[in-house]
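Order of appearance sets the numbers: ligands from 1, and atoms from 1 within every ligand.
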Amino acid sequence: MSERYDIAIVGSGPAGLEAAINAVIRNKKIILFGTENLSNKLIKAPKINNYLGSFDVTGKELMQKFKEHISAMNINIVEERINNIYAMGEYFALMVNEKMYEAKTVILAGGVEYTKPLKGEEEFLGKGVGYCATCDAPLYKGKKVAIIAYNKDAEKDANYVSELAGKLYYVPMYEGEYSLNSSIEIIKDKPIEITGDTSAEKLILKNEELNVDGVFVLKDSVSPGQLMPGLEMEGEHIKVNRNMETNIAGCFAAGDCVGKPYQFMKATGEGQIAALSAVSYLDKK
Ligand SMILES: Cc1cc2nc3c(=O)[nH]c(=O)nc-3n(C[C@H](O)[C@H](O)[C@H](O)COP(=O)(O)OP(=O)(O)OC[C@H]3O[C@@H](n4cnc5c(N)ncnc54)[C@H](O)[C@@H]3O)c2cc1C
């Protein structure tokens, strides 16, 4: 059996990190999933004046302080993207491609994605459209694939997919330098719609159309409802009570993913409540 953690925290932004430090203080065995940069939103913030104790800081400076804090507490970030979480009764199964992690409780702290889905994106999800390029790349061996990329993290995935796909188009939704294999064609255009008959066949952009067998849409977060079947939502947000409990026993949520206002302090406060609620849930068992 794989190692079973007390608490799995999905997301390395302020909500997830605050949950992690509180759970460790309470002697729980945790696993924290996310990225080395902690949060793309955090590093983009130009000037922060509403985070108590840190006046006039940039997002990058705050990120550095957060990193120092977790490293002083020996908390590591596992750089994996959770694709699905299943409630198995006694525990949760967190899936990363074919790999599975087990935890007695889960804290969802994956943030929110501001962008609306493209026309056709939800219709063809699982039928040529996917959110995890590394999971599904083998399905497109020798075929034509487009990646619509909302952040730099997608470049690593694109380079991997390009080794399997026959042709890879990369549609960046951000500015900057792109570290991509030379075989990848960069398309600087605005995606409008994914069309097809029974599966995705075309990516329609403002100025051109691409014939494709698959489209990967790579964003910071996917809808939590898709991540975890059975999770009750309230519009785009996870429904929680004041203890940050979701409708699934043992599953808690915190930060932007549970609702507005989207702010650092709110996210950290909720992360702390979620961790303490998970601790009392575990202690009652
Ligand atoms: C430009 C900008 C400026 C801002 N300025 C301010 C400000 O001045 N003051 C303020 O209070 N707020 C500000 N905010 C808002 C603030 O950034 C957010 O409220 C805050 O980051 C929310 O924290 P979070 O932990 O809920 O989510 P996030 O910070 O979004 O972190 C979520 C993390 O989880 C990861 N993740 C998601 N899904 C998965 C998965 N399945 N597996 C693994 N990892 C996953 C994501 O990649 C991300 O790293 C600003 C936001 C932006 C964009």
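No donor-acceptor pair closer than 3.5 Å links the side chain of N207 to the backbone N or O of K190.
Remark: ligand 1 and F264 share an N or O pair separated by less than 3.5 Å (distance only, no angle test). Residue contacts with ligand 1: K44 is placed with no nitrogen or oxygen under 3.5 Å of a nitrogen or oxygen of the ligand (distance criterion only). Considering backbone and side-chain N/O atoms, L38 comes within less than 3.5 Å of an N/O atom of ligand 1. Looking at D256 next to ligand 1, an N or O pair under 3.5 Å apart turns up. On a distance-only criterion, I82 and ligand 1 share at least one N/O pair closer than 3.5 Å. Between R81 and ligand 1, an N or O atom pair is found at a separation short of 3.5 Å. Remark: ligand 1 and Y114 share no N or O pair separated by less than 3.5 Å (distance only, no angle test).
Of all atoms in ligand 1, numbered sequentially from 1 with element shown, those under 4.0 Å from a heavy atom of A45 are 3 (C), 4 (C), 5 (N). Residue A15 approaches ligand 1 through these ligand atoms, each under 4.0 Å from one of its heavy atoms: 25 (O), 26 (O). Ligand-side atoms of ligand 1 in range of Y262: 12 (N), 15 (C), 19 (O), range being under 4.0 angstrom from any heavy atom. Applying the 4.0 Å criterion to heavy atoms of N50 picks out, from ligand 1, the atoms 7 (C), 8 (O), 9 (N), 10 (C), 11 (O).
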Under the side chain to side chain donor-acceptor pair (under 3.5 Å) rule, what do Q263 and N50 come out as? Steps first, then yes or no, please. CA-CA 9 Å; Q263 302 276 263; N50 64 342; 2.9 Å; yes
Before giving the answer on salt bridge (charged side-chain N to carboxylate O under 4.0 Å, His left out), spell out for K266 and E270 the whole-Å C-alpha distance, their side-chain angles and the decisive distance to 0.1 Å. CA-CA 6 Å; K266 169 192 165 284; E270 289 176 348; 3.0 Å; yes
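Here A267 has side-chain heavy atoms under 4.0 Å from ligand 1, and that is the only part of it that gets that close. Looking at V10 against ligand 1, only its side chain comes within 4.0 Å, counting heavy atoms. At a 4.0 Å heavy-atom cut-off, ligand 1 touches E80 through the backbone alone. Neither the backbone nor the side chain of C257 comes within 4.0 Å of ligand 1, counting heavy atoms alone.
For F66 and F264, the distance between ring centers is not under 6.0 angstrom.
Other residues, nucleotides and ligands contribute only 12 or fewer heavy atoms inside 6.0 Å of the NZ atom of K239. Counting heavy atoms of neighbouring residues, nucleotides and ligands inside a 6.0 Å radius, atom CD of E201 exceeds 12 of them.
Of the candidates E121, R81, K219, E121 is the only one forming a side-chain hydrogen bond (donor to acceptor under 3.5 Å, both in side chains) with Y131.
For the residues A19, S12, P46, G34, the heavy atom positioned nearest atom 44 (N) of ligand 1 is part of G34. When the heavy atoms of G11, P14, G13 are ranked by distance to atom 23 (O) of ligand 1, first place goes to P14.
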